[in-house]
Every structure is written in C-alpha cells, then in structure tokens.
Number of protein chains: 2
Amino acid sequence: MLYYGMMDKPIALSIFESLSSATRLDVFRLLVKKGPEGMVAGEIGAALEVPPTNLSFHLKALTHAGLVSVAQEGRYQRYRANMALMVDLIAYLTAECCAGHPEQCAGMAEAGACLDAVCGPARAMQ
Amino acid sequence: MLYYGMMDKPIALSIFESLSSATRLDVFRLLVKKGPEGMVAGEIGAALEVPPTNLSFHLKALTHAGLVSVAQEGRYQRYRANMALMVDLIAYLTAECCAGHPEQCAGMAEAGACLDAVCGPARAMQ
DNA sequence: TCCATAATACAACATTTATTGAATTATTGA
DNA sequence: TCAATAATTCAATAAATGTTGTATTATGGA
C-alpha cells in the first residue's frame, strides 16, 4: 500500500539534492536496475569507475536521504535502492496541484498532470 | 497521452539539480499549486520573499530544465509549472527496474516499486 | 597472530553554485 | 516623450559541494 503523507519539504529537498549529482544518479539507477539483489560498495565502484573514497561520500548522501539502504555482510556493505521513496515524492509534489481542483490540470503543460496523470483517478490516495 | 522515452540522463540530472534548491522547490510547488493560471515573476517574488535578481537566477534554472514554461505578457513574464516532466522522470528512473523483471520489485524496500507501483500494471507504457 | 582486503573518516584543496548590488532592456501610462 | 515599473544580465563576493590522498577501523583467511 502506498502511504501519501510521509513526505515533507526537507525530505523532498534531500532526495533532489541526492540525485542532482551525476555520480549519485548513476549509482541509484544502477541499484534500481539490480533490484532486491543490490550491490556491495566495491562492485558499484568498479562498475562506475569511482574511487572508493569518493564513492563512500556519495553513498553516504544517498543513504542519508533514504534513497538507498545498506546492510552489512561480513566486511562488505550491500546497498539497495528504495524506489518507494520516489513514489512518495511524486505524490507530495502533486498533492496540492491546481489548488485542489485537479480537473484544471488538463490545461497544464503538454500532457496531463497531477496525481490523475500519474496513477489514474481511481488510484489517488489508494 | 504519456510518452515515455523523451527523458535521458542529462535532462534527468538538470531536473534534479533544479529542484535541489529550497528556493526553486518552493517556486515549483507554488506554481503547481496555482495550476494553469500560473504566476508572474513579481508575484512569485512577493509570495516567497525572494529578491528579483535572485529570483531571476532560479527561474532561469527551472526554465532551462523544462520544469516551468514562461510566456510574455506585456512587461510581465508569466511562469507555469510543467508537471508532465515529473511523470516522465519517474518513468525513466523505473524503466530498467530489476533488470527487466519487475515482478521482483515486490521485494524492494518498504513498498512496491517500479512502474507498477506508480501507475498500476495496466497503465505502464499507456 | 598477522597480513591483505573492504570500506569509511578526516583534512586539504578544487570546483561549483548562490546571493547581492549596479546597470541594462523593454513596456506601460501620464 | 518621459518617468516609473518589470524583469533580466553582469560582475564580485560568499557559501556550499565535490574530489583526492592519507590514515583508520574492521573483517576474513593463511
């Protein structure tokens, strides 16, 4: 079940900050691609050719924002993407869309907008 | 109709960079709230208490990323949010989820993930 | 135990981004 | 036309981020 309401401005900001670096966006997309299996830090570094020190810096930012989770496996650290947070984020951005009159959203930009466009009318707040 | 495929890494990056500033996130959310009506620059600056010079700097970044559109009205510049781009962005992030086996996504993080979780199975690529 | 490996923490430096004030462009109304 | 307003551009400064090398912590295997 999706729970819209966990998100607030500081969290949204830290998510956007986290994904605003090319390195971190690469890391997150790689982990999304890997799915539940995840990857240990060394594998990520090798795949993206990022030096260990620098990778630690970026993984810390992603972890702090909640975009990735980390689990210790012996001397390895396994990282996994948290896609659910992205879903919450979009819900947050669209929550007050058109001042509560989302039927107006048809007129916004090139395509439909608001939560209807994301999930369909029946799925909002589901 | 949503068209998944307009998004690429540089565009995704510029969107995240755009929304990684508190001022720009405030501006974008305010414009989403306003809907198709939009707001002129001066109104935005007054509402958020951002000096004109600084606001121009941030509006330029949002416009360049495609998150807002701008239309001239006499000596005013009217800005509107482009929600559709956010929908595309999520589709981009989830496109290669779980290496093409999105049924694995149930195991990711706290909630469902991938496009199914965003739009429901029937809506993917619709 | 001892050495090699995985990963992170810290500090110095380099780079990028944000903010401010002054000047510029363009439009409206008297 | 001329003064006032809306908004931007530009240049200088301030602040935040990213990167690198060295040192540290902790685990696993010989």
Side-chain angles (χ1 to χ4, degrees), chain A residues 9-31 34 37-82, chain B residues 9-31 34 37-82:
Chain A
K9 192 173 140 189
I11 295 176
L13 208 47
S14 79
I15 293 172
F16 286 124
E17 281 167 359
S18 286
L19 296 177
S20 69
S21 132
T23 300
R24 289 193 296 263
L25 183 56
D26 286 342
V27 170
F28 183 71
R29 294 219 303 145
L30 185 59
L31 290 176
K34 273 286 174 178
E37 182 192 352
M39 291 175 85
V40 299
E43 290 174 333
I44 299 170
L48 302 178
E49 298 183 80
V50 179
T53 301
N54 194 17
L55 184 62
S56 273
F57 170 80
H58 290 299
L59 284 172
K60 191 178 175 185
L62 286 166
T63 306
H64 188 259
L67 280 164
V68 305
S69 64
V70 58
Q72 185 156 5
E73 290 183 5
R75 56 180 156 174
Y76 300 89
Q77 301 287 118
R78 183 167 298 271
Y79 289 89
R80 294 181 177 90
N82 177 11
Chain B
K9 192 173 139 188
I11 295 177
L13 207 47
S14 77
I15 293 173
F16 286 123
E17 281 168 358
S18 286
L19 295 178
S20 69
S21 131
T23 300
R24 289 192 297 264
L25 183 57
D26 286 342
V27 169
F28 183 71
R29 294 217 304 143
L30 184 59
L31 290 175
K34 273 285 174 176
E37 180 192 352
M39 290 175 85
V40 299
E43 290 175 333
I44 300 169
L48 302 178
E49 299 185 79
V50 180
T53 301
N54 194 17
L55 183 62
S56 273
F57 170 81
H58 289 299
L59 284 172
K60 192 178 174 184
L62 286 166
T63 305
H64 188 258
L67 280 165
V68 305
S69 64
V70 58
Q72 185 157 5
E73 290 184 5
R75 57 180 155 174
Y76 300 89
Q77 301 287 119
R78 183 168 297 271
Y79 289 89
R80 294 181 177 90
N82 178 11

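Numbers restart at 1 for each chain; the letters A, B, ... are given by sequence-line order, proteins then strands.
Rounded to an integer number of Å, the gap from CG of B:Leu55 to C1' of D:dA6 is 12 Å. Rounded to whole Å, atom P of D:dT17 lies 13 Å from atom NZ of A:Lys60.
DNA chain D is contacted by A:Ser21, A:Arg24 of residues 11-30 of chain A, taking any non-hydrogen atom closer than 4.0 Å. Near DNA chain C, meaning a heavy atom under 4.0 Å from it, residues 40-53 of chain B has B:Pro51, B:Thr53 in order of number.
In this structure B:Thr53 satisfies the side-chain contact (heavy atoms from CB on, under 4.5 Å) test with no other residue, sequence neighbours excluded. In this structure B:Lys9 satisfies the side-chain hydrogen bond (donor to acceptor under 3.5 Å, both in side chains) test together with A:Asp26, sequence neighbours excluded. Partners of B:Val50 under the side-chain contact (heavy atoms from CB on, under 4.5 Å) rule, at least two apart in sequence or in another chain, are B:Thr23, B:Leu48, B:Asn54, B:Leu55. Qualifying side-chain hydrogen bond (donor to acceptor under 3.5 Å, both in side chains) partners for A:Gln72, counting only residues two or more places apart in sequence or in other chains: none. For A:Ala22, the side-chain contact (heavy atoms from CB on, under 4.5 Å) partners two or more places apart in sequence, or in a different chain, are B:Leu13. When the side-chain hydrogen bond (donor to acceptor under 3.5 Å, both in side chains) test is applied to B:Arg78, the partners found at least two apart in sequence or on another chain are B:Glu73.
Residue B:Tyr76 has no polar side-chain atom (N or O) positioned under 4.0 Å from OP1 or OP2 of D:dT8. Look at A:His58 and you won't find any side-chain N or O under 4.0 angstrom from OP1 or OP2 of D:dT17.
Nearest heavy atom pair, residue B:Gly38 against residue B:Arg80, reads CA-CG, 3.9 Å. In terms of heavy-atom proximity, A:Leu31 sits nearest to A:Ile44 at CD2-CD1, 4.1 Å. Of all non-hydrogen atoms in B:Leu59 and B:Ala41, the two that sit nearest each other are CD1-CB, 4.1 Å. Of all heavy-atom pairs spanning A:Phe28 and A:Leu67, the tightest one is CE1-O, 3.4 Å. Of all the heavy atoms in B:Leu25 and A:Ala12, the pair that sits closest is CD2-CB, 4.2 Å.
Nucleotides of DNA chain C that come within less than 4.0 Å of any heavy atom of chain B span, from the 5' end to the 3' end, C:dA18 to C:dT28.
Distance check, rounded to the nearest 0.5 Å: CZ of A:Phe57 to CZ of A:Arg24 gives 6.0 Å.
For residues 13-22 of chain B, no residue pair satisfies the side chain to side chain donor-acceptor pair (under 3.5 Å) rule, not counting sequence neighbours.
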Margin query: Treating primed atoms plus P, OP1 and OP2 as sugar-phosphate and everything else as base, which nucleotides of nucleotides 25-30 of chain D get B, S or - for protein heavy atoms under 4.0 Å?
Written below: --BS--
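A heavy-atom distance below 4.5 Å is not found between the side chains of A:Val27 and A:His58.
Comparing the helix axis at one end of the helix from C:dT1-D:dA30 to C:dA30-D:dT1 with that at the other, each defined from 5 consecutive pairs, gives an inter-axis angle of 30° (nearest 10°).
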